[in-house]
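Here the structure is laid out as structure tokens; the discussion comes afterwards.
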Amino acid sequence: MAYRSIDFEHCLRRYQGASCHRCEMICPNKAIHDGQIDEPLCDDCGLCTAVCPMGAVRAQVDYEELFVRIEQMEEPLLVCKKTSSSGLPCLGVLTRHILWGLASRRPLRIDCSRCASCRPAVAKWLTQEMAACSEALALCGKPPIRCVPTEPRETEAAVSRRSFFRALFQAVGNEIEEVAKHESGIMYAFLPQNLLARQAVNPAEMASLLVGIEVGDACDGCRLCEKICPHQSLQIVPTEEGAVLSFRVERCTSCGLCQGNCPKYALKIHPVFDGKNRFMIRMVEKETTQNHNENHFFLQRG
């Protein structure tokens, strides 16, 4: 059973007008080729999950459940399993969006003291994502993410019989649960932006962590971008002034499907959100012709 797999039905490369090799490019072990993961080479670092814009990478870990539990902590602390059996398999799955979702509510601590020696690629990724998030937090007057090195654990002089067996049974129980999950073959999907989607985040506060869009005058309101967006980031709504393209920026993963498939080349993605999430558009009534392809656009998967 592999640590991770790629659900090609959700992979961005299945869509017309899109090309994506993010998972292949970031994998430090070169374990991903043509949408397939070479099991012996995969070390479960989670970097492929972090960069996938479609949530197509499946894992044995239910990250949604894990992050919900972390959100509920009074003093959130992110650690890997080498620090605690209840930690993440690896911190490589963390993104600036996940970090913001956790750190914007209360001070966040991370124990990444082992990353540089254990997995250098993860250490490099974390440094980048933590710096970006801490910069955005500072602009809002919120505490930056704190790195908390693991303190050496001193051996206890004496352990009671009851404490020993309690710890032993808990460790065995955790191990049995992990084995059961592994043998069940259940693989979970995870998209980092889901953490933001279920929170009442203020996009203006985290603008530097989000992407923006530009809608040109050529837009005729064909609604293709609304229909093709896999994360419901775009919606055309009628108003008294006319039609408005509403952009839910916190849901956008910069997959590029809207930009790559716009028949008028009217929509462009920008690397940083400029605060604009509503665009006035003109709806054009198309004449009825015998050639249906001139009046309709279809989402095609190659």
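Reckoned from all heavy atoms, side chains included, excluding hydrogens, waters and symmetry mates.
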Note, Glu205 side chain near Ser104 side chain (heavy atom, < 4.5 Å): no
Heavy-atom side-chain proximity of Met206 to Leu196 below 4.5 angstrom: yes
ILVMFWY network linking Leu210 to Ile145, side-chain heavy atoms under 4.5 angstrom: yes
Minimum heavy-atom distance between Val57 and Cys52, given as atom pair plus value: CG2-CB, 4.0 Å
Side chain to side chain contact (heavy atoms under 4.5 Å, CB included) between Arg22 and Ile26, intermediate numbers included: CA-CA 6 Å; Arg22 300 181 203 187; Ile26 202 169; over 6 Å; no
Over 12 foreign heavy atoms within 6.0 Å of CD, Gln128: yes
Any Asn277 side-chain heavy atom under 4.5 Å of Pro203 side chain: no
Least distance between heavy atoms, Trp100 atom then Val201 atom: NE1-CG1, 4.5 Å
Within one Ile-Leu-Val-Met-Phe-Trp-Tyr cluster: Leu126 and Leu137, side-chain cutoff 4.5 Å: yes
Tyr15 vs Met54 side-chain heavy atoms within contact, under 4.5 Å: yes
More than 12 heavy atoms from other groups under 6.0 Å of CD on Glu214: yes
Min side-chain heavy-atom separation Phe247-Val215 under 4.5 Å: no
Linked, directly or transitively: Ile70 and Met130 (ILVMFWY side chains, under 4.5 Å): yes
Sub-4.5 Å side-chain heavy-atom contact between Arg13 and Ile6: no
Arg146, CZ: over 12 other non-hydrogen atoms inside 6.0 angstrom: no
Minimum-distance pair of heavy atoms, taken over all atoms of Ser254 and Ile269: OG-CG2, 3.9 Å
Test item: Arg58 and His10 side chains (from C-beta on) under 4.5 Å apart, heavy atoms: yes
His231 side chain to Arg248 backbone, donor-acceptor under 3.5 Å: no
Plane angle bin for Phe190 and Tyr63 - parallel if under 30°, tilted between 30 and 60°, otherwise perpendicular: tilted
